[in-house]
Amino acid sequence: MNYDAVHISGYLHKMTRDGRWQKRWFETNGNFLTYYKSKKMTKLLAALNLPQVGEIKAIEQGKTIEAMVVSQGKTVEAMEDNVGSFFTIELNERIYTLKADNMKEALRWVKTLNALKVGGQNEERKGELADVEKTQRGGCMPCCA
C-alpha cells in the first residue's frame, strides 16, 4: 500500500478520560495515527498503530455525545462543547472520542483511517504469507522458480 497517497492531518478535539476536550494536531504517518499538542509537532503525545485498533466509526448525527460517554463512565463538560461531529477509535479497553468541525470532515477521517487500518492489515498478512512460503522452501525465497 502506498501510505503517502492516503494521508490526512489537521486539528481535532480529543476527549480526555475525565470528559474534557483538548485541541490536538493529528496526522497519519504510514499506518500510524499520531497526535501532538500543536501543529509545531515538537512533542509526540501518542501513536496509534491502525492495523491493531478495533472499530473506527462515526457517531450518528443526532446521537448526543453525552449519552455515549456516560455509557463509558465519563462525565462531560458544558453542552456547548459537545456540538460537532464525532467519531471513535477503539484501542484495547479504551475508546478515543474525537470531534471534527463538521460531519463531512469526521467522515473523511473515518474513511481514511479505516483505509490505512485495512491496508496495514493486508501488509502484515503479506509478510506472514512470505514467512510461511520461506519456511516451506527451507528458509529461502524462490529466486529461480
Where Ala58 and Leu107 come nearest, the two heavy atoms and their spacing: CB-CD2, 3.7 Å

For the residue pair Lys117 and Gly54, what are the closest heavy atoms and their distance? NZ-O, 2.6 Å

With a 4.5 Å heavy-atom cut-off, do Phe26 and Lys14 have their side chains touching? yes

Rounded distance (nearest 0.5 Å) linking atom CD1 of Ile95 with atom NZ of Lys57: 7.5 Å

Considering non-hydrogen atoms only, spot the tightest contact between Ile59 and Thr88 and give its length. CD1-CG2, 3.7 Å

Could you state the interatomic distance from NZ (Lys104) to CG (Asn102), rounded to the nearest 0.5 Å? 8.0 Å

Side-chain heavy atoms of Trp109 within contact of Leu33, under 4.5 Å: yes

Is there side-chain contact between Tyr36 and Leu44, with heavy atoms separated by less than 4.5 Å? yes

Counting C-beta onward and ignoring hydrogens, is there a side-chain heavy-atom pair between Arg24 and Lys37 closer than 4.5 Å? yes

Is the side chain of Tyr11 donor-acceptor paired with the backbone N or O of Asp101 at a distance under 3.5 Å, no angle test? no

Quick one, Phe87 and Leu113 - any side-chain contact, counting heavy atoms below 4.5 Å? yes

If you take all heavy atoms of Ala106 and Ala100, which pair is closest and at what distance? N-CB, 3.7 Å

Taking side chain as C-beta onward, heavy atoms only, is Leu50 less than 4.5 Å from Ile56? yes

Say whether Met41 and Leu12 are linked into one hydrophobic cluster, either directly or through other cluster members, by side-chain heavy-atom distances under 4.5 angstrom. no

Same cluster for Phe32 and Trp25 if Ile/Leu/Val/Met/Phe/Trp/Tyr side chains link at under 4.5 Å? no

Least distance between heavy atoms, Lys99 atom then Phe86 atom: CD-CE2, 3.4 Å

Atom of Ala47, atom of Thr34 and distance for their closest heavy-atom approach: CB-CG2, 3.8 Å

Short question: side chain of Ser9, backbone of Glu27 - any donor-acceptor pair under 3.5 Å? no

Using side-chain heavy atoms (C-beta onward) and a distance below 4.5 Å, is Trp21 in contact with Thr97? yes

When rounded to the nearest 0.5 angstrom, what distance separates CD in Glu90 from CD in Glu93? 10.0 Å

